[in-house]
Amino acid sequence: MNENKPISMANLTRHADLIVIGAGLAGLTVALEAANERKVIILAKRQLTEAATAWAQGGIVGVLDQKDSFDSHVIDTLEAGAGLVLESAARFITENSSQAIQWLLDQGVSFTLDPQGPLGLHLTKEGGHSHRRIAHAADATGKAIHDALLIKAKNHPNIEILEHWIALDLITNKHLDAPLTLSSKKQIKNDYCYGIYALDIQSGAVVALTATDVVLATGGVGKVYKYTTNPETATGDGIAMAWRAGCRVGNMEFIQFHPTCLYHPQGGSFLITEALRGEGGQLKLPDGTRFMANHDERMELAPRDIVARAIDFELKKHGLDFVLLDATHLGEEFIHEHFPTIYAKCLSLGIDMTKEAIPVVPAAHYTCGGIVTTLEGRTDLKGLYAVGEATCTGLHGANRLASNSLLECVVIGKATAKAILKDLSRDIPPIKIWDDSKVENADEQVVISHNWDELRALMWNYVGIVRTNRRLERALHRIELLSQEVHDYYANFKVTRDLIELRNLLVCAELIVRSALARKESRGLHYSRDYPDTFAVSYPTILEPAQLNRKIGT
Ligand code: FAD
Ligand code: SIN
């Protein structure tokens with residue numbers, strides 16, 4: 001690999017107190033909370049608006065109503081999480097929810113108002129919640145949050161944003177310029193994170209960015225599936241980087257499929273928010289028959305795993321391409337007021353949702369597992385923190401409750417910044433500079449694009465909503481072959497964003513499949529035809545780099 005060829009070139013290094021990889025809600029929260037006392041660099045690998053945060057629709061949980069309670073939210077989270085939620089995580093997050101919403105209001109987020117509502121906010125409802133507790137900005141909550149925080153970050157004197165920079169690996173002890181002496185080995189007993197190697201996509205230079213603390217806030221890995229609600233950024237980079245650096249990764253088999261992604265050839269990855277079902281939207285077969293009663297007494301408001309599996313079942317049973325989500329009975333005025341973005345998007349494709357039902361299918365939506373962290377974002381590597389969808393804090397267990405993700409980003413983001421501010425600044429030893437003088441420009445991009453497509457198709461077909469051992473084994477075999485091919489390619493050609501992302505997708509795909517194979521039961525989002533039963537007692541799936549025979553992703 002490129003890093004085997006160190007040379008020293010001072011102009012290819014930079015330093016900050018804190019490097020935050022990712023400009024979604026998780027990264028921006030940490031950066032804004034730390035920036036009054038630290039110089040911060042934020043990286044975003046595409047334009048800033050390309051992040052799951054900016055695409056969030058339904059809203060963010062706020063336990064604000066007097067009739068609601070922390071216990072009720074904890075119980076709903078535990079129930080959705082199907083026995084694997086860490087109760088202390090759920091309690092910590094719920095108890096900090098009203099502070100989180102207040103913090104967002106202080107940053108200038110314009111939520112939908114209701115003069116009678118708590119904090120003057122309108123609260124909506126989503127599947128699995130036993131109260132109205134979702135604060136929202138119509139049906140474009142993520143954009144309202146992201147826009148407000150980006151303005152704050154761009155105007156902060158201690159924050160520099162590097163757009164179109166992609167982190168490709170963490171800098172750890174193995175990247176030090178001089179081998180450790182015995183005495184320095186004693187000082188540096190544990191492995192540390194000293195920074196990152198990052199590609200400036202416009203100039204093509206790979207720079208070593210060093211820092212006292214690094215935060216991975218890189219989002220999830222929805223792009224590993226052919227059909228997803230996620231933006232292009234969701235390639236699991238943070239999870240793969242942390243894994244390669246020796247961190248544990250947990251619960252990767254639990255990929256959440258959102259039940260209702262718009263089905264239209266020109267629709268792209270467009271979500272139809274769960275809040276539409278929360279407000280009364282009904283799922284129907286193309287002949288108009290409702291079917292959710294055959295699957296769960298909570299009907300359209302059952303937790304997502306149940307609704308997605310029910311749709312998958314009906315699609316297969318009737319040989320359909322899509323089912324329908326009917327909101328016509330909600331009335332034009334209500335739809336215009338509460339779902340203006342969805343209305344406009346559907347209308348642009350010739351679907352008037354006030355008069356006709358919307359065609360929908362399930363699609364990969366959320367990565368419940370990720371880098372194992374504490375509730376202060378600490379990982380297994382000193383100096384390395386992780387926050388947001390890239391992580392596994394224990395909050396989501398085997399299935400995330402709707403609108404808990406944005407809340408987790410803010411609550412854990414704030415706690416992480418607090419922890420980082422306690423870290424003392426440390427000297428960074430000399431680091432190997434990235435040397436790509438002996439590798440060539442890639443001759444053919446087709447190898448990368450072909451392998452991307454193959455990987456995403458095989459994950460959809462073999463590692464989707466319903467799994468079997470045989471399909472998982474087949475997927476693993478293909479992934480191992482693709483990984484070898486990409487490994488060779490990576491060693492011989494200059495890095496590009498597509499190559500970096502494909503390498504990371506393959507690591508995450510293997511982690512998902514190995515975690516799925518390790519679970520000999522069905523639970524939450526992981527449903528296996530070979531093991532349809534649910535054990536009375538179960539545990540998270542934690543993979544440790546040191547314990548696997550074949551090293552994934554080296
Ligand atoms: P993101 O917001 O995805 O940000 C990731 C950032 O990391 C981006 O800036 C990206 O450029 C950067 N990045 C990634 N890799 C690299 C790299 N190698 N180098 C440099 N930069 C990198 N959750 C809710 O709670 N409520 C909702 O209503 C809701 N609706 C949703 C609707 C949609 C369509 C989707 C896709 C998700 C929704 N979610 C919702 C989930 C929620 O939006 C995400 O889980 C959350 O926003 C993740 O935030 P994040 O900061 O962890 O990651
Ligand atoms: C949605 O609006 O349906 C998405 C909510 C979520 O993913 O939490």
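Both counts, for ligands and for their atoms, begin at 1 and track the order of listing.
The closest approach between any non-hydrogen atom of C409 and ligand 1 is below 4.0 Å. Residue contact check for ligand 1: H164 places no non-hydrogen atom closer than 4.0 Å to it. Close to ligand 2: S403, with a non-hydrogen atom less than 4.0 angstrom away. Heavy-atom distances between L401 and ligand 2 stay at or above 4.0 Å for every pair. Contact analysis puts W165 in contact with ligand 1, with a non-hydrogen atom separation below 4.0 angstrom. Ligand 1 has at least one atom lying under 4.0 Å from a heavy atom of L25. Put simply, no part of I60 is less than 4.0 Å from ligand 1, judged by heavy atoms.
Proximity to L271 (heavy-atom distance under 4.0 Å) selects the following atoms of ligand 2: 1 (C), 2 (O), 3 (O), 4 (C). Each of the atoms 17 (C), 19 (N), 20 (C), 21 (N) of ligand 1 lies under 4.0 Å from some heavy atom of I21. For ligand 1 and S403, the ligand atoms under 4.0 Å from any heavy atom of the residue are 24 (C), 25 (O), 26 (N). Atoms of ligand 2 lying under 4.0 Å from any heavy atom of A402, numbered from 1 in the order shown and given with element: 8 (O). Close contacts between ligand 1 and Y366 involve ligand atoms 45 (O) [criterion: under 4.0 Å to a heavy atom]. If you number the atoms of ligand 1 from 1 as listed, the ones under 4.0 Å from a heavy atom of I166 come out as 17 (C), 18 (N), 19 (N), 20 (C). When each atom of ligand 1 is checked for a heavy atom of G24 under 4.0 Å away, the hits are 2 (O), 4 (O), 6 (C), 9 (O), 51 (O). The atoms of ligand 1 that sit less than 4.0 Å from any heavy atom of G388 are 52 (O).
At distances below 3.5 Å, not a single donor-acceptor pair connects side-chain atoms of N504 with backbone N or O atoms of A240. A distance-only check finds no donor-acceptor pair linking the side chain of N251 to the backbone of P540 [under 3.5 Å]. Looking only at distances, no side-chain donor or acceptor of Q256 sits under 3.5 Å from a matching main-chain atom of R304. For the pair H175 (side chain) and T172 (backbone), a donor-acceptor distance under 3.5 Å is present. The closest donor-acceptor contact from the side chain of T416 to the backbone of E376 lies under 3.5 Å. Side chain of T235 to backbone of L505: no donor-acceptor contact under 3.5 angstrom is found. T229 places no side-chain N or O within 3.5 Å of a backbone atom of F270 that could act as its donor or acceptor partner. A donor-acceptor pair under 3.5 Å is formed between the side chain of E163 and the backbone N or O of L48. A donor-acceptor contact shorter than 3.5 Å is absent between the side chain of S97 and the backbone of V61. For T141 (side chain) and Q57 (main-chain N/O), a donor-acceptor pair under 3.5 Å exists by modelled atom type.
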- Query: Where do T29 and W103 land on the side chain to side chain contact (heavy atoms under 4.5 Å, CB included) test, with the steps shown first?
  - Reply: CA-CA 10 Å; T29 304; W103 183 80; 3.8 Å; yes
- Query: Would L28 and H146 satisfy side chain to side chain contact (heavy atoms under 4.5 Å, CB included), going step by step from the backbone distance to the final call?
  - Reply: CA-CA 9 Å; L28 290 172; H146 203 228; 3.8 Å; yes
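Judged purely by distance below 3.5 Å, without hydrogens or angles, the side chains of T393 and E408 pair a donor atom with an acceptor atom. Between the side chains of R456 and Y225, no donor-acceptor pair is found at a separation under 3.5 Å. Side-chain atoms of E279 and T124 include a donor-acceptor pair closer than 3.5 Å. The closest side-chain donor-acceptor pair between R503 and Y490 falls under 3.5 angstrom.
Looking at atom 51 (O) of ligand 1, its nearest protein heavy atom turns out to be A26 N, 3.0 Å. Closest to atom 15 (N) of ligand 1 among all protein heavy atoms lies D237 OD2, 3.3 Å. Counting only heavy atoms of the protein, atom 9 (O) of ligand 1 lies nearest to A23 N, 2.9 Å. Here the protein heavy atom with the shortest distance to atom 12 (C) of ligand 1 is G22 CA, 3.5 Å. Looking at atom 37 (C) of ligand 1, its nearest protein heavy atom turns out to be H365 CE1, 3.5 Å. Ranking protein heavy atoms by distance to atom 1 (C) of ligand 2, first place goes to T273 OG1, 3.3 Å. For atom 44 (C) of ligand 1, the closest non-hydrogen atom on the protein side is E389 OE1, 3.3 Å. Summary of contacts: the protein heavy atom closest to atom 23 (N) of ligand 1 is R400 NH1, 3.5 Å. Given atom 10 (C) of ligand 1, the protein heavy atom at minimum distance is T233 CG2, 3.7 Å.
For Q256, no heavy-atom contact with ligand 1 is shorter than 4.0 Å. Residue Q57 touches ligand 1 through its backbone alone, judged by heavy-atom distances below 4.0 Å. Contacts between L271 and ligand 1, counted as non-hydrogen atom pairs separated by less than 4.0 Å, involve the side chain only.
Here's the thing with H365: one of its N/O atoms is less than 3.5 angstrom from an N/O atom of ligand 2. Checking only distances, T229 never comes within under 3.5 Å of ligand 1, N or O to N or O. Between G59 and ligand 2, not a single N/O pair is under 3.5 Å apart. Remark: ligand 1 and A167 share an N or O pair separated by less than 3.5 Å (distance only, no angle test). Between E126 and ligand 1, a contact under 3.5 Å exists for no N or O pair. Residue contacts with ligand 1: G58 is placed with a nitrogen or oxygen under 3.5 Å of a nitrogen or oxygen of the ligand (distance criterion only).
Of all the listed residues (I134, L48, T53), T53 holds the heavy atom that lies closest to atom 49 (O) of ligand 1. When T391, T218, V20, L406 are ranked by how near their heavy atoms come to atom 14 (C) of ligand 1, first place goes to T218. The heavy atom nearest to atom 5 (C) of ligand 2, out of those in R304, H258, R277, Q256, is found in R304. When A217, A140, A52 are ranked by how near their heavy atoms come to atom 43 (O) of ligand 1, first place goes to A52. In the candidate list G59, S405, A56, A386, G59 is nearest to atom 26 (N) of ligand 1, counting heavy atoms. Looking at Q57, H136, E274 and measuring to atom 3 (O) of ligand 2, the nearest heavy atom belongs to E274.
L325 and G281 get closest at one heavy-atom pair: CD1-C, 4.0 Å. Minimum heavy-atom separation, V387 to V215: CG2-CG1, 4.1 Å.
For the side chain to side chain donor-acceptor pair (under 3.5 Å) criterion with D76, the lone passing option out of H129, H131, R133 is R133.
Between F339 and Y343, a ring centre-to-centre spacing not shorter than 6.0 Å is recorded.
M292 has its side chain within reach of V307: a pair of non-hydrogen atoms, C-beta onward, lies under 4.5 Å apart.
Here the straight-line distance linking atom CG of L209 with atom CG of L43 works out to 6.0 Å at 0.5 Å rounding.
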